[in-house]
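Right, one structure below, let's go through it.
Numbers restart at 1 for each chain; the letters A, B, ... are given by sequence-line order, proteins then strands.
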Amino acid sequence: MAEKVLMKGNEAIAEAAIRAGCRHYFGYPITPQTEVAAYMAKRMPKIGGTFLQAESEISAINMVYGVAGTGKRVMTSSSSPGVSLKQEGISYIAGADLPALIVNVQRGGPGLGGIQPSQSDYFQATKGGGHGDYHLIVLTPDSVQEMADLTALAFDLADKYRMPAMLLADGTMGQMMEPVELPPESGCTVEKPWAVTGTNMARKHNIINSLYLDPEELEKTNFERFERYRYIEEHEARCERYMMDDAEYCVVAFGIAARVSKNAVSALRKQGIKVGLIRPITIWPFPKQAIAEAAEQVRAFVSVELSMGQMIEDIRLAEQCRRPVTLCNRAGGMIPTPEQIMEAVKRLEGGNA
Amino acid sequence: MTANILLAGFGGQGILFAGKFLAYKGLLEDKHISWLPSYGPEMRGGTANCSVIISDDPIGSPIVSSPDILVAMNLPSLDKYEKAVVPGGKIFVDSTLVGRAVARTDVESYCIPATQLAVDMGIPTLANMIMVGQLIRRTRAVSFEGLEAALRKVVSAKHADLLEVNLSAIRAGYDLA
């Protein structure tokens, strides 16, 4: 087993990206993700890579667009207000069918908001934050280990499906330190015949573009893209099931909310209450199947979120109104306590008894 | 065993550093650990705190809201977190800077004049590690053996000269009866 090192979540993202073959990073500092940029600034020049602090987030995402067109692994990172600024560029990257990684270490909003952890960019991440019909593959780490592992996976999935992927973390995940076993060196394993790398006058030139003035042609690109999305929804949804085998109640939570929920589930189990947790690891594609199966088994769901209730809509769509779904939440940078989650589950029990 | 530790004080007192040392010490003892700092403006002068969990089992939430062990290095920290400590928990207070005793009677409290002792020893910035030494003695959250290996993980190579003074601060805290 490789040695475990103690790292901040933000640093684990940066190191994992480098190990996954990313040599191009463009960003602009913002709390609580600045350590990603700081780490890249230190390491990239030593390994022949590019670290560039752009003049703005908009500029950074368009640099990402440029490198993505060459087929090289490329990323940017920011936190909520900065990711809002990147949305135009993300839509262009999706429209041009290019792989890239966007990291959002979320903080409280809306507006400039605060700097404490939040999950209130769920809608923006999963429903297409920019204009047009598109999705990102969205991965939600709940430990420093997953900050590293899911970064590597995000690059692989982005390459495989020719689309941007997002790592959606939050301030606690970015700032906390845990032991991490860093993933091995890897790189792109798929051919990229579409990349603009110079023709050497030996082939027809490639064009990277998201502009289609002929509506029939534009419709065709949308239909093709959504065929791909359908396949991804069937094959790439990921989640962790925790104590679900005999569960009568199901907590659904991701990221830091899932960590706190695990404490609540363990404590409730000690009190004899049969509760389990489904932790989405991808929120697009959402693990609909796991939720639908749980709806056959449990009496009710609780969605635990650091937002005013965004994922709860996907849970309701997946369980198709068969069971009550309630919300247990904090917002604006606050985090629910295990006790708050325990009370939310106990209220369900009262209501169903 | 699980130790839920909350360290709190002013920015600049080495709260995060002390927490990082304990986390690395736990890691080197093959424990599960997590370290979560407060971040943002408070790092530059306001109150700073840091949650450290050292456990034999996988760790759920990294947030310590009900500490077993509280280290309070200033009065606002004691005022804020004293109530949160679990019954039977342990509170460590830097009595040079905190002008009152621990009010709770259902916890064990240890008042150490850490800042004064650090000044007397000629290492005025290391009151944090004196508190850590006392914490190790009273809680055994981590072992007193192999301190140097853990210190090497948190003291950067270019400040290697600080290893020895950190060690003596921990030992001084440990030796306080």
Side-chain angles (χ1 to χ4, degrees), chain A residues 1 3-10 30-35 79 105 107-108 114-117 142-145 170-181 242-243 253 255-267 269 277 279 304 306 330 333-341, chain B residues 2 4-7 15-44 46-68 83-84 86 142 149-156:
Chain A
M1 201 180 80
E3 193 201 353
K4 285 201 170 183
V5 292
L6 209 51
M7 268 184 144
K8 275 195 169 190
N10 284 334
I30 181 171
T31 302
Q33 68 74 54
T34 298
E35 291 84 0
S79 180
V105 183
R107 53 189 257 179
I115 59 169
Q116 298 303 321
D142 87 329
S143 63
V144 175
Q145 185 65 55
D170 66 77
T172 51
M173 287 297 132
Q175 294 298 322
M176 72 187 280
M177 287 205 306
E178 283 183 318
V180 52
E181 190 180 329
Y242 179 72
M243 296 197 178
I256 183 64
R259 293 287 292 262
V260 181
S261 294
K262 277 188 182 174
N263 286 23
V265 167
S266 304
R269 283 275 174 177
L277 168 75
R279 175 175 74 89
V304 181
L306 275 62
R330 295 297 299 269
M334 300 301 291
I335 299 175
T337 59
E339 292 74 24
Q340 186 187 349
I341 300 167
Chain B
T2 298
N4 294 298
I5 306 169
L6 188 66
L7 303 112
I15 297 293
L16 303 189
F17 180 89
K20 218 185 253 191
F21 167 76
L22 287 170
Y24 261 112
K25 189 76 181 72
L27 180 65
L28 294 176
E29 294 171 19
D30 288 326
K31 306 272 183 140
H32 296 272
I33 65 101
S34 68
W35 175 91
L36 177 68
S38 58
Y39 60 87
E42 65 268 41
M43 283 167 71
R44 298 182 178 72
T47 57
N49 71 72
C50 140
S51 296
V52 177
I53 303 176
I54 302 170
S55 179
D56 295 324
D57 303 309
I59 293 164
S61 170
I63 302 158
V64 174
S65 44
S66 310
D68 309 311
K83 283 194 268 322
V86 298
V142 293
L151 270 176
R152 279 188 193 283
K153 297 279 187 185
V154 283
V155 177
S156 66

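- Residue B/S61 comes nearest to A/N263 through the heavy atom pair N-OD1, 2.9 Å, listed as atom of the first residue, atom of the second, then distance.
- Exactly one residue among A/Q175, A/K8, A/E178 makes a side-chain contact (heavy atoms from CB on, under 4.5 Å) with B/W35. That residue is A/K8.
- Ranked by heavy-atom pairs under 4.5 Å with chain B, the list A/M177, A/M176, A/K262 is led by A/M177.
- If you measure heavy-atom distances from B/L27 to chain A, the contacts under 4.5 Å come from the side chain alone.
- A search for side-chain contact (heavy atoms from CB on, under 4.5 Å) contacts involving B/I59 returns A/R259, B/H32, B/S34, B/I53, B/S55, not counting sequence neighbours.
- Crowding of B/K31 atom NZ: a count of heavy atoms from other residues, nucleotides or ligands under 6.0 Å exceeding 12.
- Interface remark: of the candidates B/P37, B/A23, B/S65, B/P37 forms the most heavy-atom pairs closer than 4.5 Å to chain A.
- Of all heavy-atom pairs spanning A/V260 and B/I63, the tightest one is CG2-CD1, 4.2 Å.
- Evaluation of the side chain to side chain donor-acceptor pair (under 3.5 Å) rule for A/Q340 yields no partner, not counting sequence neighbours.
- Considering all non-hydrogen atoms of both residues, A/P179 and B/I33 come closest at CD-O, 3.4 Å.
- Ranked by heavy-atom pairs under 4.5 Å with chain B, the first of A/G9, A/S266, A/A264, A/G171 is A/G171.
- Among A/D142, A/T172, A/V144, the residue with the largest count of heavy-atom pairs under 4.5 Å with chain B is A/T172.
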